[in-house]
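Everything below concerns the one structure shown next.
Numbers restart at 1 for each chain; the letters A, B, ... are given by sequence-line order, proteins then strands. Below, each value reflects all heavy atoms present in this structure, side chains not excepted, and no hydrogens, waters or symmetry copies.
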Protein chains: 6
Amino acid sequence: MPYVNIKITPDGATPEKKAELIAGVTELLQRVLNKNPATTVVVIDEVNTDNWGIGGESVTVIRERAAKGGA
Amino acid sequence: MPYVNIKITPDGATPEKKAELIAGVTELLQRVLNKNPATTVVVIDEVNTDNWGIGGESVTVIRERAAKGGA
Amino acid sequence: MPYVNIKITPDGATPEKKAELIAGVTELLQRVLNKNPATTVVVIDEVNTDNWGIGGESVTVIRERAAKGGA
Amino acid sequence: MPYVNIKITPDGATPEKKAELIAGVTELLQRVLNKNPATTVVVIDEVNTDNWGIGGESVTVIRERAAKGGA
Amino acid sequence: MPYVNIKITPDGATPEKKAELIAGVTELLQRVLNKNPATTVVVIDEVNTDNWGIGGESVTVIRERAAKGGA
Amino acid sequence: MPYVNIKITPDGATPEKKAELIAGVTELLQRVLNKNPATTVVVIDEVNTDNWGIGGESVTVIRERAAKGGA
């Protein structure tokens with residue numbers, strides 16, 4: 001019966017990779033807490049880098065600086 | 001004052017259908033718990049079938065198998 | 001397959017009332033979008049009034065002022 | 001370590017404005033609760049007006065009526 | 001940078017089990033999508049059985065019926 | 001019309017501090033995006049340290065190690 005929401009930036013998240021996440025987290029909940037896989041729901045949200053912030057900056061800005069050789 | 005988040009796959013969710021969901025859940029909260037409709041907020045997220053998992057598989061995979069006559 | 005999250009303040013939300021919300025929103029999704037009730041998941045979060053804000057103030061503060069006859 | 005999710009309709013939410021939101025809310029959590037900005041995560045969801053309801057109606061419908069001079 | 005939210009009913013979710021979930025899902029995201037574990041955030045919400053619905057009924061009701069030998 | 005969800009560990013989050021967060025984030029959205037404070041909703045979730053993970057470990061474990069002089 002668990003519900004899992006995974007938020008990631010979209011880079012490289014192909015349908016195959018997302019299927020691996022769904023299978024992996026469902027298996028984890030079954031193994032650790034004996035949760036029924038049949039009713040385990042997983043929702044993946046892909047968030048673009050303008051809309052994700054860490055350390056007070058967007059990931060877009062962090063990556064642009066990194067690409068220029070900044071910290 | 002309630003806040004409701006509804007996550008669905010997009011199939012058939014026209015603006016008219018979504019308006020029905022918004023009206024219906026707002027009315028439900030008023031009827032059952034006497035919540036003020038004026039401040040009831042509803043947010044609908046449409047999640048594509050690659051990003052929705054149940055039973056350890058994505059809905060894309062489940063539907064493809066069903067379309068082929070599988071379980 | 002829908003997932004619904006309902007956030008409310010706890011006032012009057014008895015188990016019976018919450019069961020009515022669960023039944024009602026599940027029925028709504030079946031009626032409007034033909035969603036399968038068997039896999040419709042509803043999670044209700046009860047949020048205390050210190051932790052809920054609207055109009056820039058907590059519901060605790062708004063209710064205290066209302067109880068004193070303020071706006 | 002805080003996690004903040006901001007849901008807005010997309011009107012006018014340029015990358016620069018979203019960067020201001022990320023910076024502002026991270027600074028707020030540091031100032032008020034001494035939270036470490038380095039591990040403060042902010043995710044902004046832009047929700048279209050068909051998918052946002054208040055007062056039992058979608059924002060699309062509310063704005064259309066307002067544009068026609070209705071209440 | 002991923003953010004993962006896991007919602008479960010509390011049965012048997014000891015601190016040790018929850019630590020296993022946190023470690024497991026962080027490792028999964030690193031393995032599948034090469035996500036940096038240092039900035040992977042996991043939040044577990046424990047939801048009581050009155051507040052969790054599936055199939056239009058609360059888990060409390062479903063378990064009571066099961067305990068009586070019902071379907 | 002924005003909706004903001006802030007998740008924090010409870011340390012030091014008094015009602016006064018939480019009221020400051022509510023006021024501050026509502027003001028931020030008005031200043032940056034001209035959002036109407038009257039319909040800005042803020043919900044604060046306090047998550048205990050067993051249920052919050054970063055870097056693959058719970059905050060409980062991270063803090064215990066720090067208290068012992070570990071990294």
Side-chain angles (χ1 to χ4, degrees), chain B residues 1-68 70-71, chain D residues 1-37 39-71:
Chain B
M1 221 159 14
Y3 169 80
V4 180
N5 179 230
I6 299 174
K7 291 185 197 293
I8 50 175
T9 50
D11 354 62
T14 60
E16 291 71 27
K17 293 290 188 182
K18 292 187 282 192
E20 271 187 75
L21 289 184
I22 290 167
V25 77
T26 303
E27 187 277 333
L28 178 71
L29 283 154
Q30 181 176 31
R31 180 162 46 82
V32 175
L33 284 173
N34 201 29
K35 297 294 186 184
N36 183 1
T39 54
T40 295
V41 173
V42 182
V43 171
I44 299 171
D45 293 327
E46 297 177 67
V47 178
N48 79 55
T49 58
D50 283 343
N51 289 21
W52 194 297
I54 185 162
E57 292 185 309
S58 75
V59 173
T60 303
V61 168
I62 294 169
R63 289 188 180 170
E64 282 170 359
R65 193 173 50 235
K68 286 177 190 158
Chain D
M1 225 158 13
Y3 170 79
V4 181
N5 179 230
I6 299 174
K7 291 185 197 294
I8 50 175
T9 50
D11 355 62
T14 61
E16 290 71 27
K17 294 289 188 183
K18 290 186 282 192
E20 272 187 74
L21 289 184
I22 290 168
V25 77
T26 303
E27 188 275 333
L28 177 71
L29 282 154
Q30 181 176 30
R31 179 161 47 82
V32 175
L33 284 172
N34 202 29
K35 296 295 184 184
N36 182 2
T39 54
T40 295
V41 174
V42 182
V43 171
I44 299 170
D45 292 328
E46 297 178 67
V47 177
N48 79 55
T49 57
D50 283 343
N51 290 20
W52 194 298
I54 186 161
E57 291 185 308
S58 77
V59 173
T60 302
V61 168
I62 293 169
R63 289 187 180 171
E64 282 171 358
R65 193 172 50 235
K68 287 178 189 156

Between V61(D) and chain B, which part of the residue has a heavy atom less than 4.5 Å away: side chain, backbone, both or neither?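 Nothing of V61(D), per the 4.5 Å heavy-atom cut-off to chain B.
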
Please report the shortest heavy-atom distance between V47(D) and I44(B), naming the atom on each side.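 That closest heavy-atom pairing would be CG1-O, 4.5 Å.
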
Which N or O donor-acceptor pairs, by atom type, sit under 3.5 Å across chain B and chain D?
| residue | atom | partner | partner atom | Å |
| --- | --- | --- | --- | --- |
| K18(B) | NZ | N51(D) | OD1 | 2.7 |
| P37(B) | O | G55(D) | N | 3.2 |
| T40(B) | O | G55(D) | N | 3.4 |
| V42(B) | N | G53(D) | O | 2.9 |
| V42(B) | O | G53(D) | N | 2.7 |
| I44(B) | N | N51(D) | O | 2.8 |
| I44(B) | O | N51(D) | ND2 | 3.1 |
| E46(B) | OE2 | N51(D) | ND2 | 3.0 |

Relative to chain D, which segment of A23(B) carries a heavy atom at a distance below 4.5 Å: side chain, backbone, both, or neither?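 Looking at A23(B), backbone and side chain both touch chain D.
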
